[in-house]
Amino acid sequence: MAQTSFPCSGLAVKCGKVEEVETQEEGCVRKPPPMFDYHGIDLDLIQEMVYDSLVWSSLHGLVVGDKSAQRSGKVPGVGLVHAPFALLPVPFPESHWTQACELAPIFSELVDRVSLDGKFLQDSLSRTKKADSFTSRLLDIHSKMLEINKKEEIRLGLHRSDYMLDEQTKLLLQIELNTISSSFPGLSCLVNELQRSLLTQRGEELGLDPKRIPSNSAVSHFVEAFAKAWNEYNNPRAVVMFVVQAEERNMYDQHWLSAVLNERHNIKTIRKTLAEIDAEGELLPDGTLLVGGKAIAVVYFRAGYTPNDYPSESEWRARLLMEQSSAIKCPSISYHLAGTKKIQQELAKPNVLERFLDNKEDIAKLRECFAGLWSLDDSDIVEKAIEKPELFVMKPQREGGGNNIYGVDVRETLQRLQKEGTDGNAAYILMQRIFPTVLPTFLMRDGICYKDHAISELGIYGAYLRNKDKVIMNDQCGFLMRTKISSSDEGGVAAGFAVLDKQDGAATAASTFLRFQSIPCSSNKTVEVELVVGGCQESVYGPSYYYGECKFICAQKVNTNYGFYYCSKCDFVAHLDCAVYYRYREIINLQELKEEENEDSELDQSVYSAAYKVKNIKVGKDGIEIAIEIKHFSHEHGLKLSDDEVLNNEKCNWCV
């Protein structure tokens with residue numbers, strides 16, 4: 001038996017002993033989930049914690065604007081709702097946590113070096129410029145700065161490098177490096193304190209230690225970076241300007257930074273949209289930027305990272321005006337371009353890091369965390385992605401969440417680009433898809449607690465400040481943990497894909513809520529089974545693919561205690577959660593079905609599923625509709641729901 005602890009960014013759970021089990025199918029050692037039993041937790045206790053967490057969030061400012069309130073993105077204090085968050089911290093291995101923290105200053109130094117190589121940025125993005133109009137406009141501004149020999153002597157970067165821990169390889173792999181609008185330094189610290197507060201009160205009952213939750217210093221470090229940059233600018237009357245979107249439901253994350261900066265350093269901030277900067281901005285002969293008559297020391301972008309932020313030429317004029325000024329930009333146009341997906345892919349090529357870094361150990365550390373990254377010019381990789389699209393992610397040059405392409409859409413997009421035969425493929429890169437460990441958790445959104453299986457993404461903030469040859473600050477400065485349901489491809493909290501978890505985690509749900517019910521099976525064992533519930537794709541919270549012996553993708557023997565789908569014609573067997581597409585679920589009782597049957601047409605229309613169609617249903621005593629026969633895309637015959645014994649205790653064919 002091996003003793004394993006998991007300090008987590010909210011992270012840290014007292015996991016107890018873990019036994020290493022070798023899976024012969026893959027020839028690797030895997031550890032089971034932590035011994036903390038999410039399924040066995042007392043529901044009355046959870047309800048108390050839910051109430052306490054909502055009160056705490058309201059009192060301490062863990063809030064965002066409610067999208068159902070019309071003015072919530074414009075007027076502070078109107079239409080507030082708690083930010084989505086995970087009720088309990090999720091575990092994360094200490095060694096990989098330390099690794100991610102150590103990488104932060106190396107990546108910050110790399111961004112700075114890359115930003116100074118204008119030719120590298122222009123050459124690397126030259127084909128992307130032809131295919132992507134947004135990147136083209138950014139490159140045009142960068143080119144103008146090169147033409148006038150504009151030097152950014154004082155350079156400020158507030159970055160966030162996002163990682164996932166790949167379950168099979170046990171490698172910490174980088175998803176992306178954000179150099180513009182690295183959000184949630186404010187709210188992530190609050191989630192940290194919320195979870196510590198809950199565990200201080202309830203940790204003994206849960207078997208979780210609040211001391212295992214690491215501190216999160218993101219706000220303090222961001223504010224320190226702003227203050228030091230303001231001092232370097234050396235104009236006591238100047239202010240820090242936050243560039244924001246016209247409607248910003250996440251304004252309170254930004255206001256935390258403004259408030260602390262004012263309280264600790266007496267530095268004033270203003271908030272302006274790009275359109276307002278164009279209307280009110282003025283460039284003095286000495287390079288000073290005035291906006292609304294105020295001199296600007298630091299420009300902090302919380303907008304400007306998406307084409308939607310530039311609906312007219314007014315916004316582009318504002319961006320150019322700021323770049324021409326002597327104000328410290330966070331980020332400058334060079335830093336912005338250094339964080340694009342294409343540059344990330346270029347840096348992963350052999351011998352490219354050596355162009356910017358001298359320390360061989362630092363280079364090796366960066367390479368160790370690089371996932372597979374490829375240009376669409378690589379025909380072999382493109383063919384592999386078409387053959388097995390589930391192993392790849394297709395990424396455009398976009399930030400903000402909701403832009404990446406997954407699954408069969410990867411194949412269709414690649415085939416479309418091949419037929420078109422244009423430079424359109426230069427707008428994308430291909431990335432290895434990472435499959436992190438799935439863990440049970442409780443997710444809070446809109447005052448409702450959802451119990452589900454989720455994956456987490458660790459973001460480490462880095463602050464970098466340099467004045468000419470002097471590095472004033474280069475620190476790891478806090479973290480953002482995002483937790484999302486395991487069926488969700490994207491991970492943005494503000495975009496609605498994840499929720500904050502000292503990390504940032506997400507639950508996607510509207511009126512649907514979880515109910516917990518013990519279901520006796522034919523073996524007289526009790527099991528909780530969750531299956532299909534009607535609803536639209538956007539409003540149903542889902543996945544759940546860890547039942548009994550089944551893990552996705554599991555290739556495990558089917559434990560008949562939990563029910564399964566079965567084809568009598570060819571002995572095809574599939575676990576409940578593997579056979580049904582895991583976006584939709586509800587609790588079913590295999591022994592309490594009414595004899596009444598309904599045909600599939602209405603249910604087939606109400607239950608969206610990309611993986612199967614419901615062919616036949618029965619109605620339980622409480623009115624729940626139960627899919628007793630489905631047609632799965634992977635099998636030619638219909639599959640029937642059963643709780644009988646399966647001959648030879650066969651493996652799950654769907655997983656295989």
Side-chain angles (χ1 to χ4, degrees), residues 104-118 120-121 141-142 145-146 148-161 177-182 185 217-243 257 260-262 264-270 283-291 294-301 319 321-339 356-359 362 461-478:
I106 305 175
F107 271 116
S108 292
E109 183 67 33
L110 176 63
V111 169
D112 188 67
R113 300 280 183 89
V114 170
S115 75
L116 299 176
D117 195 334
F120 174 78
L121 291 172
I141 294 176
H142 180 255
M145 298 304 101
L146 294 177
I148 64 175
N149 199 28
K150 178 70 167 61
K151 302 292 186 182
E152 297 293 336
E153 294 184 343
I154 306 175
R155 301 187 293 276
L156 173 63
L158 292 172
H159 311 137
R160 194 186 71 233
S161 185
L177 178 63
N178 302 277
T179 60
I180 183 170
S181 188
S182 300
S217 57
V219 167
S220 295
H221 277 86
F222 270 53
V223 166
E224 180 186 1
F226 286 137
K228 288 184 175 181
W230 183 85
N231 284 328
E232 291 298 315
Y233 189 77
N234 196 26
N235 181 347
R237 291 185 298 274
V239 301
V240 174
M241 180 172 69
F242 283 36
V243 182
L257 299 176
V260 176
L261 183 60
N262 186 37
R264 295 185 183 178
H265 302 281
N266 196 29
I267 297 174
K268 305 299 182 183
T269 62
I270 62 173
L283 192 63
L284 300 184
D286 65 352
T288 299
L289 174 64
L290 299 180
V291 177
K294 294 182 174 66
I296 307 300
V298 179
V299 177
Y300 175 46
F301 285 92
R319 184 66 186 268
L321 180 71
M322 290 183 284
E323 292 299 330
Q324 291 172 325
S325 77
S326 61
I328 302 168
K329 275 76 69 176
C330 181
S332 66
I333 191 68
S334 297
Y335 269 39
H336 186 172
L337 292 171
F356 303 103
L357 300 176
D358 300 320
N359 190 302
D362 287 348
Y461 294 110
Y464 186 91
L465 178 63
R466 186 180 191 121
N467 191 342
K468 298 180 181 177
D469 294 331
K470 182 182 178 182
V471 177
I472 299 166
M473 186 177 186
N474 186 12
D475 299 326
Q476 176 268 329
C477 57

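Everything numeric in this text was worked out from a predicted model, so none of it was measured. This chain uses plain numbering: 1 for the first residue, then up along the sequence.
Atom OG of residue S182 and atom OH of residue Y300 lie 7.0 Å apart, to the nearest 0.5 angstrom. The distance from atom NE2 of H221 to atom CZ of F226, rounded to the nearest 0.5 Å, is 13.5 Å. In this structure, the separation between CZ on R466 and CG on L156 is 13.5 Å, given to the nearest 0.5 Å. Going from atom CD1 of I296 over to atom CE of M322 covers 10.0 Å, rounded to the nearest 0.5 Å. Here CD of E232 is found 6.0 Å from CG of L465. Values are rounded to the nearest 0.5 Å. Here NE2 of H336 is found 11.5 Å from CG of L121. Values are rounded to the nearest 0.5 Å.
Under a 3.5 Å cut-off, the side chain of K151 and the backbone N or O of N149 do not form any donor-acceptor pair. Counting only distance, with no hydrogens or angles, the side chain of D475 and the backbone of C477 share no donor-acceptor pair below 3.5 Å. Between the side chain of N474 and the backbone N or O of P105, at least one donor-acceptor pair lies under 3.5 Å.
Between L158 and A225 the shortest heavy-atom distance is CD2-CB, 3.9 Å. Closest non-hydrogen pair, A238 versus W230, comes out as O-NE1, 2.9 Å. When all heavy atoms of V299 and A327 are compared, the pair lying nearest together is CG2-CB, 4.0 Å. Summarising the geometry of M145 relative to Q324, their closest heavy-atom pair is CE-CG, 3.7 Å, with the distance given to 0.1 Å. Here the closest heavy-atom approach between residue S108 and residue H159 is recorded as OG-ND1, 3.5 Å. Heavy-atom minimum distance, I328 versus A229: CD1-O, 3.3 Å.
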With side chain to side chain contact (heavy atoms under 4.5 Å, CB included) as the test, would you mind laying out the steps for V298 and I267 before giving the verdict? CA-CA 11 Å; V298 179; I267 297 174; over 6 Å; no

Test side chain to side chain contact (heavy atoms under 4.5 Å, CB included) on Y335 and D112 and set out the steps. CA-CA 7 Å; Y335 269 39; D112 188 67; 2.5 Å; yes

Mind running side chain to side chain contact (heavy atoms under 4.5 Å, CB included) on I333 and R319 for me, showing each step along the way? CA-CA 9 Å; I333 191 68; R319 184 66 186 268; 3.6 Å; yes

L257 vs F242, side chain to side chain contact (heavy atoms under 4.5 Å, CB included): CA-CA, chis, key distance, verdict: CA-CA 10 Å; L257 299 176; F242 283 36; 4.1 Å; yes

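A salt bridge does not link E323 with K150: none of the charged nitrogens is closer than 4.0 Å to a carboxylate oxygen. E109 has a carboxylate O that lies under 4.0 Å from a charged side-chain N of R113, or vice versa, which qualifies the two as a salt bridge.
The aromatic rings of F120 and F356 stand perpendicular to each other, their planes meeting at an angle above 60°, with 30° marking the opposite boundary. Ring geometry, Y461 versus F222: the interplanar angle exceeds 60°, so the pair is classed perpendicular (tilted spans 30 to 60°).
Using a 4.5 Å heavy-atom cutoff, the side chains of R264 and S220 are in contact.
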